[in-house]
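Worksheet: the structure to be examined is printed underneath.
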Amino acid sequence: MSEQLQLLVTVKAYPALSRKHGEVVCVAGVRTDTERPEWVRLFPVPFRDLPFDQRFTKYQIITVECRRPSTDRRPESYQPDPDTLVLGETLPAGGTWPERRALIEPLTVESMCWIQAQQKVDGTSLGVFRPAEVLDFEMEPEPEDWDPGKLGIASQPSLFFPGKKGLQKIPYRFRYVYRCSESDCGTHSQSIVDWELAQSFLSWGHRYSRPVLLERIREKWLGDLCGPDKDTMFYVGNQHQHPESFLVLGVFYPKHGIKEAQPPGYAAGPPT
Ligand SMILES: [Zn+2]
């Protein structure tokens with residue numbers, strides 16, 4: 001039985017190759033058609049096979065018919081029917097991201113350690129929280145060979161894009177190392193699978209040598225997104241086959257709220 005879901009897309013992972021579905025993307029977001037915001041995961045989304053005018057962005061509202069997947073038992077998971085996709089408005093960023101925050105803040109939980117504990121209780125597999133201290137951004141080379149045929153994945157004919165470029169393997173694994181706000185947190189080290197990071201790697205790769213590229217990526221993802229002027233939160237989700245293993249799916253990085261402006265003349269003291 002299918003049902004219609006409306007959601008704000010908050011997370012889009014870099015495409016992965018699956019034996020069963022070919023090239024697919026995992027998308028997650030917040031439902032906007034329920035009394036309170038709730039998490040939802042859409043999988044598989046054949047994103048690069050969607051017509052261009054159907055390729056939604058992060059923080060866009062979408063409507064799609066979905067059904068519960070037969071094998072994935074995670075409570076937030078749905079299998080979308082891409083033919084029913086309808087795109088809506090995109091919520092702007094604008095400094096402190098007020099419109100986005102209105103939907104994200106109610107879902108914010110205390111810590112990564114809390115999410116891991118909750119996963120064991122009720123299968124929670126998506127979450128968002130503020131890391132207490134981001135300690136490092138690690139970049140580790142991965143083998144560049146990438147042969148879908150060898151992996152047993154049939155090449156996928158694309159209806160709209162018969163000449164579609166093959167998926168490029170990102171030859172690095174990027175990780176955040178951080179402490180969450182749990183007092184006895186033993187630190188977390190989690191891979192980042194955000195498409196935005198892969199996109200930076202691919203597009204900046206044309207401009208910079210490899211060492212400079214890596215330095216730029218580190219500057220952005222550690223220095224900027226986790227900088228002191230940002231109210232940084234991590235979106236995390238687990239893997240279907242490894243429910244205890246969580247990944248960073250994306251980063252919410254608005255500026256901190258601006259303190260209320262003081263009334264004019266306040267700093268100068270009362271008029272005499
Ligand atoms: Zn922790």
Side-chain angles (χ1 to χ4, degrees), residues 2 5-32 37-50 54-85 87 103-104 107 112 115-116 119 123-129 142 146 148 151 153 156 158 164 166-170 173-176 190-202 233-252:
S2 80
L5 267 58
Q6 188 188 63
L7 61 134
L8 175 75
V9 173
T10 58
V11 157
K12 211 159 66 180
Y14 191 61
L17 295 176
S18 125
R19 276 198 177 81
K20 192 168 160 197
H21 306 288
E23 182 191 312
V24 286
V25 171
C26 178
V27 168
V30 179
R31 283 189 75 163
T32 49
E38 358 180 305
W39 283 115
V40 59
R41 170 190 293 101
L42 302 181
F43 183 87
V45 179
F47 196 85
R48 297 200 315 143
D49 288 323
L50 294 175
Q54 293 285 78
R55 295 188 187 187
F56 52 84
T57 61
K58 280 203 273 191
Y59 300 107
Q60 186 159 18
I61 291 180
I62 63 170
T63 307
V64 65
E65 295 279 335
C66 296
R67 58 187 177 81
R68 285 291 191 177
S70 51
T71 51
D72 180 356
R73 295 283 171 218
R74 291 175 295 182
E76 307 91 340
S77 292
Y78 284 87
Q79 185 169 342
D81 174 357
D83 292 336
T84 63
L85 194 57
L87 273 50
L103 285 161
I104 304 304
L107 286 170
M112 184 63 229
I115 293 170
Q116 279 172 324
Q119 192 279 324
T124 290
S125 73
L126 289 167
V128 64
F129 63 93
E142 288 233 298
W146 176 258
L151 296 169
I153 296 160
Q156 256 185 310
S158 167
K164 154 177 114 173
L167 185 67
Q168 277 181 274
K169 162 108 173 162
I170 307 298
R173 182 180 289 268
F174 302 98
R175 287 171 184 277
Y176 277 126
Q190 291 168 336
S191 294
I192 309 161
V193 296
D194 194 343
W195 197 333
E196 200 177 323
L197 174 51
Q199 194 52 49
S200 301
F201 186 90
L202 296 174
M233 301 187 213
F234 287 166
Y235 295 114
V236 293
N238 69 0
Q239 295 171 287
H240 177 204
Q241 309 293 354
H242 308 280
E244 269 139 56
S245 171
F246 278 79
L247 309 167
V248 175
L249 306 177
V251 184
F252 185 76

For V30 and I104, which heavy atoms make the closest approach, and how far apart are they? CG2-CD1, 4.0 Å
Within-4.5 Å side-chain heavy-atom neighbours: P37 and R31: no
Do you know the tightest heavy-atom contact between C26 and R41? SG-CG, 3.8 Å
How far does CG of L87 sit from OG1 of T57, to the nearest 0.5 angstrom? 8.0 Å
Is there side-chain contact between P82 and P46, with heavy atoms separated by less than 4.5 Å? yes
Does E23 use its side chain to pair, donor to acceptor, with the backbone of R48 at less than 3.5 Å? no
L7 side chain near L42 side chain, heavy-atom distance below 4.5 Å: yes
Can you find a pair of side-chain heavy atoms, one from V24 and one from F43, that are under 4.5 Å apart? yes
When every non-hydrogen atom of Q190 is compared with those of F246, the smallest separation belongs to CG-O, 3.4 Å
Go through W39 and L107 one step at a time and tell me if the side chain to side chain contact (heavy atoms under 4.5 Å, CB included) criterion holds. CA-CA 8 Å; W39 283 115; L107 286 170; 3.9 Å; yes
Is there a donor-acceptor contact under 3.5 Å from the side chain of R55 to the main chain of L50? yes
For the CD1 atom of I61 and the OG1 atom of T32, what is their distance to the nearest 0.5 Å? 5.0 Å
I'd like to know if the side chain of S77 reaches the main chain of D72, judged simply by a donor and an acceptor atom lying under 3.5 Å from each other, with no hydrogens or angles considered. no
Ring-face cation of R68 near Y78 (centre distance under 6.0 Å, axis angle within 45°): yes
Validation row: L202, I170 side chains within 4.5 angstrom (heavy atoms): yes
Do L249 and L126 touch side chain to side chain, with heavy atoms closer than 4.5 Å? yes
Quick check: closest heavy atoms across E244 and Q116, and the distance to 0.1 Å? O-NE2, 4.1 Å
Restricting to non-hydrogen atoms, name the atom on V64 and the atom on D81 that form the minimum distance, rounded to 0.1 Å. CG2-O, 3.5 Å
Is L197 close to Y14 at the side-chain level, that is, under 4.5 Å between some pair of heavy atoms? no
In terms of ring plane angle, is the pair Y59 and Y235 parallel, tilted or perpendicular, where the classes change at 30° and 60°? tilted
When you compare the side chain of V45 with that of K12, does any pair of heavy atoms fall below 4.5 Å? no
Please find the pair of heavy atoms, one from D194 and one from G250, that lie closest to each other, and give the distance. OD2-CA, 3.6 Å
List the steps and the verdict of side chain to side chain donor-acceptor pair (under 3.5 Å) for S2 and R67. CA-CA 5 Å; S2 80; R67 58 187 177 81; over 6 Å; no
Donor-acceptor under 3.5 Å (E76 side chain, S125 main chain): yes
